[in-house]
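Here the structure comes first, spelled out in structure tokens, and everything after it is commentary.
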Amino acid sequence: MNPASPQRIVIIGGGQGAGASLRHLRALAYGGITSVVCAEDQYPYERPPLSKDYLNGTTTLDALTLCKPENPREQFYLADTAERIDPAEKVVALRSGVSIPYDKLLIATGGEARKLVIAGADFPNVHYLRTVHDARRLRTALAACRAAQTLVLVIGGGWIGLEIAAAARQAGLATTLIEAAPQLCGRSLPAPVAAELLRAHQDRGVNIRLGCAIHALHGDDRATAATLSDGSTVPVGMVVVGIGLIPNTQLAADAALAVGNGIRVDVNGRTSDPHIYAVGDVAEFPCTWHGCAVRMETWNNANVQAARAISAMLQHAESPPAGDAVPWFWSDQFDLNLQVLGAPLAGDGSLVSTDAEGGALHLYIKSTRLIGAIGINRARDIRILKRAVERDPQLPFERVANCLANLRELL
Ligand SMILES: Cc1cc2nc3c(=O)[nH]c(=O)nc-3n(C[C@H](O)[C@H](O)[C@H](O)COP(=O)(O)OP(=O)(O)OC[C@H]3O[C@@H](n4cnc5c(N)ncnc54)[C@H](O)[C@@H]3O)c2cc1C
């Protein structure tokens with residue numbers, strides 16, 4: 001082990017950031033002690049399939065598991081919670097009473113699903129989707145709804161709401177999705193792409209109502225009807241809420257770390273305490289693509305930041321700063337694969353190229369460079385563009401536009 005390496009690393013979290021961090025420690029042959037504290041009763045696992053293959057029953061939790069202990073130097077504390085960090089003593093106190101000392105600490109606590117605050121919000125057939133337990137409950141509830149031929153009401157037209165609506169519809173359920181804003185995915189999609197997505201859902205039978213909020217849920221022991229902001233009432237069999245995430249920053253705030261819209265970190269994932277790092281959904285970092293500090297809730301971001309933070313902790317200098325990494329995420333809905341690269345909303349102009357199979361590639365320009373791209377069933381093109389901008393983050397838009405017939409020419 002590098003003599004400069006920390007002897008004890010503690011990781012708080014049981015998701016992508018925690019799992020990817022442990023895997024990166026292994027890849028760098030870290031020889032010290034690693035303690036992983038997971039609030040859930042599972043080893044760290046991947047969440048994207050929870051609204052896709054796991055929800056429709058085509059994959060198992062085992063296939064989603066990111067890591068299990070591989071040697072006695074790796075200690076897992078499952079179903080336990082980090083309750084307090086003492087930065088002066090460099091100790092993490094767990095709910096179980098255990099105290100774990102650290103030389104370096106990594107926080108990957110993600111976030112909680114934002115809850116509805118309306119009458120009837122606590123009926124048992126109101127669902128959220130964040131954990132594998134939520135996904136199991138949701139799967140059972142969808143099956144019951146199908147058997148009873150009742151309607152699924154999805155609240156929230158963001159990525160998780162749309163994926164659940166697609167899964168419900170594909171399972172043959174009558175599905176209505178309401179979104180309070182005038183467009184779907186308003187925080188990540190330009191209006192023309194959101195309109196395409198809206199049409200795709202409508203064509204496949206999802207009843208989408210934009211500019212429509214929920215006012216109350218009614219029933220005796222479970223929700224059987226919902227009143228909406230337009231005054232209408234719809235009968236419901238179950239309700240699924242996807243209205244965003246609240247980052248789990250309290251632990252960091254209580255330890256007097258700098259917290260804004262997330263735990264504030266630098267390009268290496270380092271917080272305001274040089275011995276504490278934060279990665280994933282909970283971390284707010286300076287992103288060169290967006291030109292400001294952002295918090296990203298994506299699988300790829302958690303992986304990139306985890307690798308960067310662990311490299312920085314161990315003083316390895318091989319991976320680029322996470323702030324420079326090109327943002328990228330995907331979503332699968334029905335037969336559509338959407339991929340978003342870079343920062344499309346930061347663009348000041350765009351170009352669309354469609355193909356005969358109904359796929360579309362939207363390119364976004366800022367000044368003269370390619371600032372973002374969105375592919376609908378254009379995974380190969382997004383893969384090529386990702387490689388091209390990783391090589392040249394200032395890739396001229398004109399060059400891309402000139403290579404549209406064969407993007408491989410960019411490589
Ligand atoms: C249903 C679903 C579908 C998704 N689909 C996609 C997708 O298609 N594409 C994409 O790019 N991204 C997707 N994402 C987002 C992606 O999964 C997240 O960005 C990623 O999981 C973030 O990793 P994280 O480690 O920051 O947080 P998480 O994976 O949420 O993990 C946080 C963990 O920390 C634990 N924790 C919290 N507080 C404490 C504490 N005090 N002590 C101990 N443990 C604690 C939590 O219990 C949890 O296990 C999806 C997310 C969900 C929920």
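Note that these values count all heavy atoms, side chains included, but never hydrogens, waters or copies made by symmetry. Indexing begins at 1, ligand by ligand and atom by atom, following the structure's order.
Annotation for ligand 1: atoms under 4.0 Å from non-hydrogen atoms of T81 are 40 (C), 41 (N), 42 (N). Near N248, meaning under 4.0 Å from any of its heavy atoms, are these atoms of ligand 1: 37 (C). Those atoms of ligand 1 with a heavy atom of L129 less than 4.0 angstrom away are 1 (C), 53 (C). Taking a cut-off of under 4.0 Å to the non-hydrogen atoms of Q16, the atoms of ligand 1 that pass are 20 (C), 21 (O), 23 (O), 25 (O), 29 (O). Proximity to F329 (heavy-atom distance under 4.0 Å) selects the following atoms of ligand 1: 11 (O). Atoms of ligand 1 found under 4.0 Å from any heavy atom of G17, numbered from 1 in the order shown, are 23 (O), 24 (P), 25 (O). Atoms of ligand 1 lying under 4.0 Å from at least one heavy atom of G280, given by number and element, are 26 (O). The ligand atoms of ligand 1 that sit less than 4.0 angstrom from a heavy atom of K52 are 5 (N), 6 (C), 7 (C), 8 (O).
A salt bridge is defined here as a Lys NZ or Arg NE, NH1 or NH2 lying under 4.0 Å from an Asp or Glu carboxylate O, and E40 with R47 meets this definition.
Using modelled atom types, no side-chain atom of N268 and backbone atom of A309 make a donor-acceptor pair closer than 3.5 Å. Remark: the backbone N or O of L173 is paired with a side-chain donor or acceptor of T175 at under 3.5 angstrom. In this structure a side-chain-to-backbone donor-acceptor pair under 3.5 Å is present from R23 to L66. Using a distance-only test at 3.5 Å, with no hydrogens or angles considered, no donor-acceptor pair links the side chain of R222 to the main chain of N125. Checked by atom type and distance alone, the side chain of R130 never pairs as donor or acceptor with a backbone atom of A113 at under 3.5 Å. A donor-acceptor distance shorter than 3.5 angstrom exists from the side chain of R169 to the backbone of R204, with no hydrogens or angles considered.
No more than 12 heavy-atom neighbours from other residues, nucleotides or ligands sit within 6.0 angstrom of CD on E89.
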Determine, step by step, whether D203 and R199 satisfy the salt bridge (Lys or Arg N to Asp or Glu O under 4.0 Å) criterion, reporting the C-alpha distance in whole Å, the side-chain angles of both residues, the deciding distance to 0.1 Å, and the verdict.
-> CA-CA 6 Å; D203 290 348; R199 267 194 309 277; 6.0 Å; no

Would you sort out whether E284 and R264 count as a salt bridge (Lys or Arg N to Asp or Glu O under 4.0 Å), showing the intermediate values?
-> CA-CA 5 Å; E284 185 185 41; R264 290 206 172 119; 3.3 Å; yes

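Shortest contact from atom 15 (C) of ligand 1 to any protein heavy atom: E297 O, 3.7 Å. Here the protein heavy atom with the shortest distance to atom 29 (O) of ligand 1 is R47 NE, 2.7 Å. Distance from atom 30 (O) of ligand 1 to its nearest protein heavy atom, with residue and atom name: R130 NH2, 2.8 Å. At the top of the distance list for atom 3 (C) of ligand 1, counting protein heavy atoms only, stands S51 OG, 3.3 Å. The closest protein non-hydrogen atom to atom 13 (C) of ligand 1 is P48 CG, 3.8 Å. The nearest protein atom to atom 35 (C) of ligand 1, hydrogens excluded, is given as G14 N, 3.7 Å; this is a heavy-atom distance. The closest protein non-hydrogen atom to atom 46 (C) of ligand 1 is E40 OE2, 4.0 Å. Scanning the protein for heavy atoms near atom 9 (N) of ligand 1, the closest one is W330 O, 3.0 Å.
Residue W299 holds the heavy atom nearest to atom 10 (C) of ligand 1 of all those in Y54, W328, W299. Comparing heavy-atom distances from atom 37 (C) of ligand 1 across T109, D332, I164, T298 singles out T109 as nearest. By heavy-atom distance, the residue among A113, A39, G19, A135 lying nearest atom 44 (N) of ligand 1 is A39.
For R387 and W328, the positive end is not near the middle of the six-membered ring at less than 6.0 Å and at most 45° from its axis. Remark: K115 is positioned above the aromatic ring of Y128, its terminal NZ or CZ atom under 6.0 angstrom from the ring centre and at most 45 degrees off the axis.
Ligand 1 has a nitrogen or oxygen under 3.5 angstrom from a nitrogen or oxygen of D281. Of the polar atoms of S331, none of the N or O atoms is found under 3.5 Å from an N or O of ligand 1, judged by distance alone. Annotation: D80 places no N or O atom under 3.5 Å from an N or O atom of ligand 1; distance criterion only. For ligand 1, the polar-atom distance check finds no N/O of I160 at less than 3.5 Å from any of the ligand's N/O atoms. For ligand 1, the polar-atom distance check finds an N/O of A82 within less than 3.5 Å of one of the ligand's N/O atoms.
Here the side chains of L50 and D134 are not in contact, with every heavy-atom distance at 4.5 Å or above.
Counting only N and O atoms by type, the side chains of T58 and N56 include a donor and acceptor under 3.5 Å apart.
Centroid-to-centroid, the aromatic rings of H24 and Y30 stay 6.0 Å apart or farther.
The shortest separation from a heavy atom of E163 to ligand 1 is under 4.0 Å, placing the residue in contact.
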